[in-house]
Amino acid sequence: MAKNSGGRPRTELTEGQIAELETLAAVLNQDQIADYMGIPARTLRAVLSRDESVSAAYKKGKAKAIGRVAQSLLRSATDGNTTAQIFYLKTQAGWKETETEAQDLPPVVIQLTRDEADKTSN
């Protein structure tokens with residue numbers, strides 16, 4: 001017979017709670033999920049670290065949401081959304097913005113010939 005070591009019994013999640021956690025992982029962080037489930041955040045983290053099925057459900061929920069958002073971003077970028085294109089290229093293709101100082105660039109001089117000057121004044 002096992003000796004009672006005292007303290008609270010270990011928190012285990014039911015199959016229904018694990019499925020719910022997977023769904024919630026798409027939109028809530030761990031502290032918010034713990035609040036939703038009515039358990040302390042440290043208890044949820046302990047369950048995630050010791051129970052592979054709970055951890056897998058949490059990771060799967062996060063991954064599904066990231067996949068949906070990434071697909072939407074890619075669709076926006078390929079449909080011509082310049083902001084989405086820039087964001088995608090910065091995060092996925094290593095693009096970065098660099099600042100160029102004005103003094104580093106040679107001056108631009110535009111000189112009009114007399115014929116071109118007459119055309120622009122009309």
Side-chain angles (χ1 to χ4, degrees):
M1 179 176 238
K3 184 177 178 182
N4 184 349
S5 61
R8 295 182 182 199
R10 211 176 209 188
T11 300
E12 302 291 335
L13 300 183
T14 66
E15 289 298 317
Q17 288 173 314
I18 294 171
E20 193 169 32
L21 176 124
E22 182 178 324
T23 301
L24 294 172
V27 293
L28 301 178
N29 64 36
Q30 289 180 10
D31 289 346
Q32 293 166 332
I33 293 170
D35 288 342
Y36 179 87
M37 293 185 151
I39 59 175
R42 72 177 180 280
T43 300
L44 177 60
R45 283 191 278 283
V47 172
L48 285 165
S49 68
R50 74 170 177 257
D51 189 332
E52 183 55 38
S53 65
V54 176
S55 178
Y58 178 78
K59 291 175 185 176
K60 184 176 181 182
K62 290 294 242 191
K64 281 180 173 180
I66 291 167
R68 285 191 302 269
V69 171
Q71 286 176 337
S72 178
L73 171 68
L74 187 56
R75 194 170 23 261
S76 292
T78 57
D79 286 346
N81 181 320
T82 305
T83 303
Q85 292 169 342
I86 292 167
F87 179 80
Y88 183 84
L89 291 171
K90 283 182 178 180
T91 60
Q92 301 301 310
W95 283 28
K96 54 187 151 192
E97 293 181 32
T98 57
E99 290 189 30
T100 303
E101 295 290 330
Q103 68 250 20
D104 294 342
L105 297 175
V108 176
V109 178
I110 300 174
Q111 189 172 15
L112 298 176
T113 63
R114 179 162 218 90
D115 290 339
E116 290 171 334
D118 289 341
K119 289 178 188 173
T120 59
S121 63
N122 291 336

Which residues share a side-chain contact (heavy atoms from CB on, under 4.5 Å) with T11, sequence neighbours left out: T43, V47, R50
In terms of heavy-atom contacts, R75 and T78 come closest through O-OG1, 3.1 Å
How long is the gap from CD on Q85 to CG on L73, to the nearest 0.5 Å? 10.0 Å
Connected via hydrophobic side-chain network under 4.5 Å: F87 and L74: yes
Contacts table for residues 24-39: side-chain donor-acceptor under 3.5 angstrom, sequence neighbours left out:
| residue | atom | partner | partner atom | Å |
| --- | --- | --- | --- | --- |
| N29 | OD1 | D31 | N | 3.1 |
| N29 | OD1 | Q32 | N | 2.8 |
| D31 | OD1 | R45 | NH1 | 3.0 |
| Q32 | OE1 | N29 | N | 2.9 |
| Y36 | OH | E20 | OE2 | 2.9 |

Gap between atom NZ of K90 and atom CD of E97 - 0.5 Å precision: 3.5 Å
Just distance, no hydrogens or angles: give the donor-acceptor pairs under 3.5 Å from side chains in residues 52-67, sequence neighbours left out.
| residue | atom | partner | partner atom | Å |
| --- | --- | --- | --- | --- |
| S53 | OG | D51 | OD1 | 2.7 |
| K64 | NZ | E22 | OE2 | 3.1 |

